[in-house]
Amino acid sequence: MQQKRIQNRISESRWTLSAVVPAALLVWVAAALHTTAVIAPGICLLLSTYLMMELNNANALIRIYSRMVSCSFLVLTTMAVFQFPSIRAAIVTLSIVGFYTPAFRCYQDPHSPGWMFYAYFCIGMASIVWVQALFFLPILWIVTRTNLLAMSPRNFVASLLGIALPYWFFTAYLAATGNISLLADHFRELAAFSKPLDLSSLTVSQITVLAYVLLCAVIGTVHFLNQKRNDSIRTRLLYQIFITVDIAATLFLFLQPQHYEALLGILIVTTSPLIGHFFALTRTRITNWIFCILSTAALIITLINLWMFLHTSF
């Protein structure tokens with residue numbers, strides 16, 4: 001019988017999420033006492049965490065009992081204290097989790113226009129606050145066809161209607177306020193590109209959190225690719241979606257770093273299941289050390305970012 005290490009005791013405990021949630025809430029409360037701008041994004045985080053729990057439970061992303069997907073999401077999100085006031089980042093994050101939740105229900109069901117509509121409605125909502133979310137549409141349509149096995153003419157039309165619906169309300173609002181010209185400016189942003197690979201605009205804190213998230217993504221991806229034979233075919237296909245979107249978001253971020261806020265949210269959502277899978281399903285001494293090092297690093301980065309945030313004027 002394999003020894004249960006610290007990593008396994010924590011990842012398999014029913015109390016882990018109960019400990020992580022108050023810790024994350026404490027960080028958010030401290031930030032809220034500094035500025036009320038974090039309250040609305042904090043509500044989005046609560047909804048996102050709930051949807052991550054539902055995503056894990058409904059799809060059995062980890063084949064044993066573990067809350068590491070939700071815990072990883074909370075830890076990674078809370079690390080980026082500097083993003084707390086960003087409602088754009090919060091809405092994009094919530095929208096991406098919102099996409100996965102109904103989209104995965106369409107697995108092997110080409111006759112599920114309702115769920116498909118809801119999934120792509122979330123992408124439409126994300127594009128209202130960050131129009132570059134529309135760049136992910138070709139990738140999402142492809143994985144809907146190749147991984148979810150759910151693409152059909154009917155579902156494709158449902159996806160188009162889902163994307164369009166937020167714009168119907170957005171256009172009506174702009175027309176009512178006499179700012180209809182802003183709609184053209186909104187889509188014009190799709191053609192606005194800056195110098196690629198120019199990370200000089202990012203702060204040390206932003207680069208540190210990005211490096212941490214990418215490290216988790218690499219560890220989780222390598223682990224899954226090596227161990228995927230132990231998972232069901234359905235689980236493999238779902239994780240391949242996470243890996244695909246992770247790679248796309250990473251390339252996008254390096255090519256256009258000015259979209260850091262929104263892309264970091266996408267990376268966190270897609271990396272959380274990957275690193276959660278690694279934490280829950282490995283049992284060696286080396287992986288135990290990796291877990292301890294990453295956990296300690298996350299705590300230190302969070303405290304440093306919180307201290308810097310509390311000493312920033314708004």
Side-chain angles (χ1 to χ4, degrees), residues 10 16-17 19-49 52 68-94 96-97 129-130 198-220 246 249-250 252-254 257-272 274-276 279 290-314:
I10 293 177
T16 301
L17 187 62
V20 173
V21 169
L25 187 61
L26 186 62
V27 175
W28 279 85
V29 168
L33 293 175
H34 183 60
T35 172
T36 56
V38 308
I39 294 177
I43 295 173
C44 289
L45 172 68
L46 289 176
L47 295 174
S48 299
T49 304
M52 288 295 287
M68 289 310 294
V69 172
S70 304
C71 291
S72 299
F73 173 76
L74 264 177
V75 169
L76 294 177
T77 305
T78 306
M79 279 177 57
V81 182
F82 48 81
Q83 290 210 158
F84 283 8
S86 175
I87 189 64
R88 171 184 293 181
I91 291 176
V92 170
T93 300
L94 177 60
I96 294 301
V97 185
V129 297
W130 183 60
D198 182 14
L199 301 179
S200 60
S201 60
L202 303 183
T203 65
V204 174
S205 295
Q206 289 176 318
I207 293 175
T208 301
V209 172
L210 175 61
Y212 185 97
V213 173
L214 292 181
L215 176 62
C216 289
V218 171
I219 292 173
D246 230 353
T250 301
F252 193 169
L253 194 152
F254 279 103
Q258 74 272 20
H259 299 302
Y260 176 93
E261 282 188 353
L263 289 168
L264 181 65
I266 296 175
L267 284 171
I268 287 174
V269 172
T270 54
T271 296
S272 298
L274 292 169
I275 195 63
F279 286 151
I290 292 174
F291 173 81
C292 293
I293 292 171
L294 288 177
S295 299
T296 303
L299 178 60
I300 293 173
I301 293 172
T302 302
L303 292 176
I304 292 175
N305 285 341
L306 178 62
W307 182 85
M308 295 176 65
F309 181 85
L310 296 179
H311 288 78
T312 301
S313 299
F314 284 88

Closest non-hydrogen atom pair between Val92 and Ala262, with its separation: CG1-O, 3.8 Å
Nearest non-hydrogen partners of Val209 and Ile301, listed with the distance: CG2-CG2, 4.1 Å
Does the [X] side chain pair with the main chain of [Y], one donor and one acceptor, at a distance under 3.5 Å?
X      : Y      : result
Thr16  : Ile10  : yes
Asn305 : Ala80  : no
Tyr260 : Gln206 : yes
His34  : Ala30  : no
Thr271 : Ile268 : no

Which value, rounded to the nearest 0.5 Å, describes the distance between [X] atom [atom1] and [Y] atom [atom2]?
X      : Y      : atom1 : atom2 : value
Leu94  : Met52  : CG    : CE    : 11.5 Å
Ile219 : Leu274 : CD1   : CG    : 11.0 Å
Leu303 : Met79  : CG    : CE    : 11.0 Å
Ile87  : Ile39  : CD1   : CD1   : 11.0 Å

Do [X] and [Y] touch side chain to side chain, with heavy atoms closer than 4.5 Å?
X      : Y      : answer
Asp246 : Leu267 : yes
Phe309 : Ser205 : no
Phe84  : Val27  : yes
Leu215 : Leu294 : yes

side-chain contact (heavy atoms from CB on, under 4.5 Å) evaluation trace for Leu310 with Val81: CA-CA 10 Å; Leu310 296 179; Val81 182; over 6 Å; no
Listed partners of Trp130 passing ring-ring contact (aromatic ring centres under 6.0 Å, His included), at least two apart: Phe252, His259
